[in-house]
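Structure record follows, encoded as structure tokens.
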Amino acid sequence: MWLPCGRASRRVVSSFSRRVFRSYFHVEGRRKFNVAAFMPEAAGIQGLSDRSTLQEFSVSNGESFWAAAARHRLSWISPFHTAQDCDLSRGRIKWFEGGKLNVSVNCLDRHVHTCPEKVALIWERDEPGSEVEVTYRQLLEMTCRLGNLLRRRGVKKGDCVTIYMPPCPLAVASMLACARIGAAHNVVFAGFSAEALAERIRDAHSSTVITVNQGVRGGKVIELKKTVDTAVDSCPMVQQVLVAMRTENPVAMTARDVDMEEEMLKEDVVCEPAVMDSEDVLFLLYTSGSTGKPKGLVHTQAGYLLYAALTHRYVFSYHDGDVFGCVADIGWITGHSYSVYGPLANGGTTVLFESTPIYPDPGRYWEMVQRLKINQFYGAPTAIRLLLKYGDQWVHKYDRSTLKTLGSVGEPINTEAWEWYHRVVGDGRCPVVDTWWQTETGGICISPRPSDPDAEIVPGMAMRPFFGIKPVLMDTEGKVLTSNNTSGALCISQPWPGMARTIHNNHQRYIETYCQPYPGYFFTGDGAYRSKEGYYQITGRLDDVINVSGHRIGTAEIEDVVCSAVAESACIGYSHDIKGQGVYTFVVLKKDVDVQETDLSRLLNDMVSKKIAKYACPDFIQFVHRLPKTRSGKIMRRVLRKVVERDLNGLGDLSTLDDPAAVQEIIQGHREH
């Protein structure tokens, strides 16, 4: 049973919010660029004639720009004395030192003071039409009760709480309750296996886990509590599991389990917020690395919140009274930044989507847009490609006239999907913002908007850097490519407030991954093309990471799934019509193994599903006698990729291979496969 959540008008507008969110884009007849109207944060900056000069100032005078934004956008307990102290070459990133604040106060209390009955969350539950609205007052009460409960049960400032929940109000309250009492949170996507969850609990040193009895998605019940039970059996540091009830079905409770909602009702509705330094940890979020061990990226208080709020406001042209529909799960950085922290910091109304794009039918997104009157819709190219195949009729069936901006996130969007999204979903009138960013960046870094209202948007391109972001392309020698119409490794040449500060318990890995490849620059791991006009297009990963439906998976993670019959394996990503990239795995069996390949394929997929998640399962498994290797023993994944892409002319020089004949065998096997 969830805490009571009454319905209230979404359209309560405060005079403060009107002042902050009014944009020159929506003031008819205004021709002169009005800095204060477009970006109140920049009102005190002199000599700005248009948006491009504001962009230039934000890059060339980054410290002044971000300091002004932080003073205006965030509520401080104590002001900061130093805007930034950063050295990318050493991996030292510090913003707004001396400043003290509380993130939950910025997301809740200050809005409750001005418009307590404004809707903060619309929980779009699995069954269409059963949405629940939660006001800012109710969300603050929920957060305070849970914060007091966590304190009573021994959670202290600096601890890390692991959250394994589907998108729902109590999941958001759990995140904000941690922020309120000064604990970090570690949200784990509720589709991960028990083994993957346990690995993240252990690495984060969590003694407290928060979950639900069951999840509901696509009409199916998912046994989340059972997954947590299995996970914590191998996590001796876990002392308590707080369990909320998503369904009415009882689950087995052990001595370490706590009925969260029953205990919350015993707590006071006022919880004193912890006073946090700007650079205290706000959350950990694990993302795949090329080594196979997930990286616990660390985001801190003030810089992350400021960047999430600003990008939410200006990339999507979010205005007070709008309903923001980000359909990402809260277990990913997109859900953190654009379902929770960005919208709530801005006093917005944000949708939490529990279901799938095709439940109960392929019109689900658009029926939801009509019913909730969504103004900005932010989804993944994978879902757009999937829905495109079901035809236009599912879109045309519903009224989408409230939509003003369409967003794309998680992976590059192909031109066909972009044009369908723009023409069919947006009726050709909504700008499509193809956003590029990462867990590491904290928020959107490259996007077609903000820009002048009539500025062109090129299908399939992220295009323009956000304020304060200065991308560069590097060649293979580590030199900056200054010309346009060129491709290279995408780096960012100066720090920004939203970037991750370190990898939990492994700062050296952070330095080696992001700071050492191109000293003095932040290396994104992605390749990019810069057009002759200076626009950026992301071309894909440069490391051994596959992007499946917007989820990053290290090839080593899949290859590390051990089966007694397998001698070795190699995974690569390949182009997939729906998922963007699929997983193609080459497997070498041990000698004298007598097993049917179809049975072994099924076993390997089951093991990957159990150890990582279902989305990581290989789409194709090709059994081979040997893998192409260099004489030093390195597997040549580049060669395997060319075979799968049927680009045999691009195989290149094979003379360095220990046994070039292995390639011909694989080519022949791929044709037969």
Side-chain angles (χ1 to χ4, degrees), residues 126 164-167 187-200 215-224 227 231 285-290 292-295 326-336 339 353-359 364-365 379-387 389 408-413 417 438-439 540-541 543-561 569 571-585 601-621 644:
D126 194 51
Y164 187 74
M165 302 174 84
V187 181
V188 179
F189 171 56
F192 273 128
S193 66
E195 203 163 313
L197 171 61
E199 183 178 22
R200 288 155 174 79
V216 184
R217 190 167 188 266
K220 298 175 183 175
V221 173
I222 304 151
E223 301 292 344
L224 297 185
T227 300
L285 192 57
Y286 285 83
T287 187
S288 293
S290 57
K293 180 177 171 57
K295 302 173 291 202
C326 172
V327 292
D329 193 280
I330 57 163
W332 308 114
I333 189 64
T334 306
H336 279 54
S339 293
F353 183 69
E354 184 182 45
S355 194
T356 76
I358 56 172
Y359 180 78
R364 176 59 185 271
Y365 278 167
T382 296
I384 303 306
R385 286 190 290 265
L386 174 65
L387 297 174
K389 292 186 179 299
S408 169
V409 61
E411 58 186 301
I413 185 169
Q438 304 171 323
T439 306
R541 297 295 298 173
D543 54 16
D544 291 326
V545 172
I546 304 171
N547 192 326
V548 178
S549 300
H551 307 322
R552 282 165 55 180
I553 314 163
T555 55
E557 284 184 82
I558 304 172
E559 293 163 3
D560 284 347
V561 175
S569 62
C571 294
I572 61 159
Y574 72 97
S575 180
H576 190 287
D577 286 348
I578 303 297
K579 298 189 290 186
Q581 278 193 300
V583 180
Y584 198 111
T585 303
S601 293
R602 194 178 304 112
L603 173 63
L604 289 171
N605 270 304
D606 288 345
M607 292 178 72
V608 171
S609 176
K610 180 173 179 289
K611 288 180 177 288
I612 307 174
K614 284 184 179 178
Y615 68 77
C617 292
D619 298 271
F620 292 102
I621 297 176
V644 172

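One is the number of the first residue; the rest follow in order along the sequence. This is a predicted model, so every value here is computed, not measured. Hydrogens, waters and symmetry mates are skipped; everything else that's a heavy atom, side chains included, is used.
- Listed by chain and number, the residues in a ring pair (Phe, Tyr, Trp, His ring centres under 6.0 Å) with Tyr286 amount to none (sequence neighbours excluded).
- Side chain to side chain, Ser575 and Gln581 fail the donor-acceptor criterion of an N or O pair below 3.5 Å.
- Side-chain contact check for Thr334 versus Cys326: some heavy-atom pair is nearer than 4.5 Å.
- For the atom pair CD1 of Ile546 and NE2 of His551, the computed distance is 13.5 Å after rounding to the nearest 0.5 Å.
- Considering all non-hydrogen atoms of both residues, Asp126 and Ser355 come closest at OD1-OG, 2.7 Å.
- With sequence neighbours excluded, no residue forms a salt bridge (charged side-chain N to carboxylate O under 4.0 Å, His left out) with Arg200.
- Between Tyr365 and Pro357, the closest heavy-atom pair is OH-CG, 3.4 Å.
- Between the side chains of Arg364 and Thr356, no donor-acceptor pair of N or O atoms lies under 3.5 Å.
- Ring geometry for Tyr574 against Tyr584 counts as perpendicular: the plane angle is over 60°, on a 0 to 90° scale with 30° as the lower cut.
- When ring centroids are compared, Phe189 and Tyr164 stay outside the 6.0 Å threshold.
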Exercise for the section: Let me see the working for Lys611 and Glu199 under salt bridge (Lys or Arg N to Asp or Glu O under 4.0 Å), right down to the final yes or no. Expected result: CA-CA 10 Å; Lys611 288 180 177 288; Glu199 183 178 22; over 6 Å; no
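- Partners of Asn605 under the side-chain hydrogen bond (donor to acceptor under 3.5 Å, both in side chains) rule, at least two apart in sequence or in another chain, do not exist in this structure.
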Handout entry: Worked verdict on Ile558 versus Ile553 for side-chain contact (heavy atoms from CB on, under 4.5 Å)
Key = CA-CA 8 Å; Ile558 304 172; Ile553 314 163; 3.9 Å; yes
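- Side chain of Asp619 to backbone of Val583: a donor-acceptor contact under 3.5 angstrom is found.
- Interatomic distance, Lys389 NZ to Ile358 CD1, rounded to the nearest 0.5 Å: 13.5 Å.
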Practice task
Could you give me the CA-CA distance, side-chain angles and deciding distance for Ile572 and Val644, then say whether side-chain contact (heavy atoms from CB on, under 4.5 Å) is met?
Solution key: CA-CA 9 Å; Ile572 61 159; Val644 172; 3.5 Å; yes
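- To the nearest 0.5 Å, atom OG1 of residue Thr382 and atom CD1 of residue Ile384 are 9.5 Å apart.
- Checked options Ser569, Cys571, Ser601; the residue passing with Ile621 is Ser601 (criterion: side chain to side chain contact (heavy atoms under 4.5 Å, CB included)).
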Exercise for the section: For the pair Thr227 and Ser193, evaluate side-chain contact (heavy atoms from CB on, under 4.5 Å) and give the outcome as yes or no after the intermediate values. Expected result: CA-CA 7 Å; Thr227 300; Ser193 66; 6.0 Å; no
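- A donor-acceptor pair under 3.5 Å links the side-chain atoms of His336 to the main chain of Trp332, judged by distance alone.
- Judged by distance alone, the side chain of Asp329 and the main-chain N or O of Gly335 form no donor-acceptor pair under 3.5 Å.
- Within the model, atoms CZ of Arg385 and OG of Ser549 stand 7.5 Å from one another, a figure rounded to the nearest 0.5 Å.
- Taking all atoms of both residues into account, the shortest heavy-atom contact from Leu224 to Pro166 is CD1-CD, 3.7 Å.
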Practice task
Test side-chain contact (heavy atoms from CB on, under 4.5 Å) on Glu195 and Ile612 and set out the steps.
Solution key: CA-CA 7 Å; Glu195 203 163 313; Ile612 307 174; over 6 Å; no
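- Note that the NZ atom of Lys614 and the CG atom of Asp606 stand 9.5 Å from one another [nearest 0.5 Å].
- Across every non-hydrogen atom of Pro381 and Ser408, the tightest pair is CG-OG, 3.3 Å.
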